[in-house]
Protein chains: 2
Amino acid sequence: MSVGIRHDDLRRRNRAMVISAVRRAGQPSRTEIAATTGLSHSTISAISSDLIAEGILAESKPGETGALKRGRPQVGLGLNPEAAAVMTVVLSLNFLSVAVIDYAGQVVAEEQRRLDTLTMPRDELIGECTAIVRRRLEDPDLDVQSIARIAMGIQGITDSQARAMLWSPITPLTDIAFADILEAEFGIPATMENDCNMMAVALQWRQPERYRDDFIAILLSHGIGMGLVLKGELFTGTHSSGGEFGHMIHRPGGALCRCGRRGCVEAYAGNYAIWRNASMMSEDAEPVDVGDADMRALAARARETDGPEREAYRKAGEALGFGLGSLFALIDPAPVAMVGVSAAAFDLIEPALREAIAQTAGGQHSKSISFDTEPNELPLIREGCAMRALGFVDQEIFAPGIQARSGKHVA
Amino acid sequence: MSVGIRHDDLRRRNRAMVISAVRRAGQPSRTEIAATTGLSHSTISAISSDLIAEGILAESKPGETGALKRGRPQVGLGLNPEAAAVMTVVLSLNFLSVAVIDYAGQVVAEEQRRLDTLTMPRDELIGECTAIVRRRLEDPDLDVQSIARIAMGIQGITDSQARAMLWSPITPLTDIAFADILEAEFGIPATMENDCNMMAVALQWRQPERYRDDFIAILLSHGIGMGLVLKGELFTGTHSSGGEFGHMIHRPGGALCRCGRRGCVEAYAGNYAIWRNASMMSEDAEPVDVGDADMRALAARARETDGPEREAYRKAGEALGFGLGSLFALIDPAPVAMVGVSAAAFDLIEPALREAIAQTAGGQHSKSISFDTEPNELPLIREGCAMRALGFVDQEIFAPGIQARSGKHVA
DNA sequence: CAGTATTTTTTCGAGGCTCGAAAAAATAGA
DNA sequence: TCTATTTTTTCGAGCCTCGAAAAAATACTG
């Protein structure tokens, strides 16, 4: 149940608001912050001098601001990069990567590693993750004190509390509470995020004009995933990370999906499905892993001649189109970003997709729906994890006073 | 962009919180309110004495409370029925009904009227609505001053701002800004709500244990509609009321839907679709209106013998099941309430529905998904409109100080 | 029936917070 | 050097919430 606002919440929230305004704007002056937050100049002055004294914000050197106007020049406020740092851990198929990001969002350290996620036993997989984190933490160049958060991203389904991986295509293992494991191991608050959700978060930061309040990020890769932002907020299911667009039903009883069921969108539009159709294999054939290079070659063949390859992409487009149509029936149309290796073949997918969506109620204005493509998902996922972790730091760590009342983490 | 909290917002929000706690609990004592809101006893004491002085709350007569305990007895606080009143206007197929509801939620006046919505020209339809509202307002028994809000509900799509009907099956007319029309005519703030959303709001009040944070209300009637509550909040689309579950795609290119497209869930599960299938008509046959009595007779025949009638309900169940499966893939499973005349035939629908949902990713725990039925949607819609209107009064009218900063209504 | 225990509600002073107005600071132009 | 202009800080006023203590209202007890 919602709860009253106590007097001490006031400062906490307004501090968080100032920090978030600075993170968004980069180098805003106090006057600009007052304008965007709606708070008075006096309040902004008080809060920002507190934040500067605490080393969270820093005034930028004079002369850095651009065109000089008459009057006292504005002093830009920026995030102090040394105020804190966060760590991102991204686990994808056969690949593990970590990065340390300073409070201003700059990457200060990185490590990547290949491993065989599909066959790894549970302990080993967890061990690899904790080991790589530990290596970064033990780096003598790093001030360990400053790591305030870890955000881990993974392909697959996570729980809505962002504590655990429930299911993932990269491993047969299920229900690994990575967030709890990392917290127990390192004593640093951690969350376990869904990869597509992080893509959406990253897009929101990268292109705020285009992706702000309502948009959809769809991962076109081995599987089909989705990150959904509605009314400016990341959408999650009631129990899990939700948004399993790839497992909406396209054709009841249809093609065999990697999830073991039939007729899912993914069973027509996932890499393995496109490959299966392009190879004229049965729709009942077991899904197989297809490498990115093979997919690129497949797309090239499809562009060359009008054969089964092209037809396979057409079928993918149709499935995505009807799926989006159903989605749009629920949430109304919104801009879409297509991410992942098959996004590079969106030219092959788009015609059938638009044709399908035009046949649905949600596609009423299908011509006005914009599609963006971004073939490389990993940088987006990393960036999203970083921004998410920093957001937590902004909100929780640097907003003092009473702890969030329904907080999950013990102090 | 989110905005800072100003000092005067504090009282406003906490007042709203107290009012809402009273509305929810009925006759809570100050101590109970303090417990549910998390505010201190002093604060609750101060706010409630203000609210009593303003005539918004009233202390209940002593002796009304139940079991006597030791110590000073609790004094129950209740909403003062005379503090305000709201009006609901529900427009459905060939039927218009209004009600006046006092601040405590009791119906104090009603009027209903048959009319031919399908053939009525625009001016006449609007005229009927304003006329019936005017008749109620001019009732000498009614203190017009006290009507603080009008909530109008209609079958069909409304805009996400709750200002206008965009499309409705009850009339060929489109884009009628009923909220603006009523406001201009009577000078009373008004909203135009989607019928299924109001069903959901009503269920939330009627059965808070069952329907609280996440649930789905599905209207099984001529058309198929949905009201969705996620994380305790009514879900709407980005532009429209959204949640057009009936127009998710069940079978691409399939049966002809009333919306003119093909393969929508509604084209298999709407009354007209069940009728069409039961009559062994082509799936391309034009949708026709079927009366409730005819539908009840159809259900009776389906229960009697295993013929095309039963098969028609089976197909409806299948479409609903796959649709729900797709929906659950996005939002995770949640309790469902089936409302409307075909909810009375849910026994015929349920087996196929469960079978279908079990074949989807969203139906993983299909046995644990609960279905409730309620054959009569109109009372729910009315109740939802009433609660919604009262909620606005609670939040806006009785929370003084600065107006909501992005308010739509001029003071 | 008076006194005690118990629970609810109010009162009161302290401490915070935001705000508006005015002052101070810092610069460009004249 | 002086003036106009813009940004930032300072300061007192006005609210708000809180905790502690007091007051109020009742049941129990002998």
Side-chain angles (χ1 to χ4, degrees), chain A residues 3-18 22 27-53 57 59-77 399-402 405, chain B residues 3-18 22 25 27-53 57-77 399-402 405:
Chain A
V3 90
I5 302 180
R6 307 173 53 142
H7 205 209
D8 18 2
D9 293 348
L10 206 64
R11 228 328 152 59
R12 226 190 61 239
R13 295 207 197 190
N14 285 342
R15 278 171 64 106
M17 194 118 291
V18 169
V22 174
Q27 291 278 328
S29 69
R30 292 165 174 82
T31 308
E32 284 175 62
I33 299 174
T36 60
T37 59
L39 298 170
S40 74
H41 289 192
S42 356
T43 302
I44 299 302
S45 180
I47 291 179
S48 47
S49 87
D50 280 3
L51 291 174
I52 290 171
L57 299 186
E59 294 193 341
S60 60
K61 309 293 166 287
E64 290 179 19
T65 42
L68 288 180
K69 289 173 306 185
R70 201 163 186 176
R72 180 171 174 174
Q74 303 189 348
V75 180
L77 293 179
I402 48 173
R405 267 176 264 175
Chain B
V3 89
I5 302 179
R6 307 174 50 141
H7 206 206
D8 19 2
D9 292 348
L10 206 65
R11 231 322 153 60
R12 225 190 63 236
R13 295 206 198 190
N14 284 343
R15 278 171 65 107
M17 193 118 293
V18 169
V22 174
Q27 291 277 325
S29 70
R30 291 166 174 80
T31 308
E32 285 175 62
I33 298 174
T36 61
T37 59
L39 298 171
S40 74
H41 289 194
S42 357
T43 302
I44 299 302
S45 180
I47 292 179
S48 47
S49 87
D50 280 2
L51 291 173
I52 290 171
L57 299 185
E59 293 193 343
S60 59
K61 309 292 164 289
E64 290 179 18
T65 42
L68 287 180
K69 291 173 305 186
R70 202 167 186 174
R72 178 171 173 175
Q74 302 189 347
V75 181
L77 293 179
I402 48 172
R405 266 176 265 174

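Just so it is clear: chains get the letters A, B, ... in the order the sequence lines come, proteins before strands, and each one is counted from 1. What you are looking at is a predicted structure, and each value in this text was computed from that prediction instead of being measured.
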Task: Note: B:D9-B:R12 ion pair, threshold 4.0 Å (strictly below) - done: yes

Task: Whichever of A:I44 and A:G71 has its nearest DNA chain C nucleotide further upstream toward 5' - done: A:I44

Open item on the list: Show the nearest heavy-atom pair for residues B:G38 and A:R6, with the distance to one decimal.
Closed with: O-NH1, 3.9 Å

TODO: Just compare D:dT8, C:dT18, C:dT9 and give me whichever is closest to any side-chain atom of A:I47.
DONE: C:dT18

Open item on the list: Can you measure A:R15 atom CZ to C:dG16 atom C1' for me and round it to whole angstrom units?
Closed with: 14 Å

TODO: Mind running side chain to side chain contact (heavy atoms under 4.5 Å, CB included) on A:V18 and A:T43 for me, showing each step along the way?
DONE: CA-CA 10 Å; A:V18 169; A:T43 302; over 6 Å; no

Open item on the list: Using whole Å, what does the distance between atom P of nucleotide D:dT6 and atom CD of A:E32 come to?
Closed with: 15 Å

- [ ] Can you see which heavy atom on B:L77 is nearest to which on B:S48, and at what distance?
- [x] CD1-CB, 3.7 Å

TODO: Identify which nucleotide among D:dT8, D:dT3, D:dG19 has an atom closest to any side-chain atom of A:R70, counting heavy atoms from C-beta outward.
DONE: D:dT3

- [ ] Measure the CE-CD1 distance between B:M17 and B:I44 for me, rounded to the nearest 0.5 Å.
- [x] 10.0 Å

TODO: Return the nearest nucleotide to the side chain of B:R30; candidates are D:dC16, C:dT10, D:dT17.
DONE: C:dT10

Open item on the list: Nearest to the A:R72 side chain among D:dT6, D:dT9, C:dT8, which nucleotide is it?
Closed with: D:dT6

Task: Spacing between B:D8 atom CG and C:dC19 atom C1', to the nearest angstrom - done: 9 Å

Task: Value in whole Å for how far the P atom of D:dG14 lies from CG of A:L10 - done: 19 Å

- [ ] Can you tell me the distance, in whole Å, between the CD atom of B:E59 and the C1' atom of D:dA25?
- [x] 13 Å

- [ ] Answer with base, sugar-phosphate or nothing: what part of the nucleic acid does B:S45 contact at a heavy-atom distance below 4.0 Å?
- [x] base

Task: Whole angstrom value for the distance that separates P of C:dC17 from CZ of B:R12 - done: 21 Å

Task: Distance, rounded to the nearest Å, where A:H7 contributes NE2 and D:dG19 contributes C1' - done: 15 Å

Open item on the list: So if I take every side-chain heavy atom of B:T43 and compare against D:dT17, C:dT9, C:dC19, which nucleotide ends up nearest?
Closed with: D:dT17

Task: Side-chain N,O (B:N14) to OP1/OP2 (D:dC16) below 4.0 Å - done: no

Task: Presence of donor-acceptor pair under 3.5 Å, side chain of A:S42 and base of C:dG20 - done: yes

Open item on the list: Any N or O donor-acceptor pair under 3.5 Å from the base of C:dG20 to the side chain of A:H41?
Closed with: no

Open item on the list: Is B:R11 close enough to D:dC15 that one of its side-chain N or O atoms is under 4.0 Å from OP1 or OP2 there?
Closed with: no

Task: Given C:dG16, D:dA25, D:dT8, the nucleotide with the shortest approach to the side chain of A:Q74 - done: D:dT8

- [ ] Grab the CG-P distance between B:D9 and D:dG14 for me, whole Å please.
- [x] 20 Å

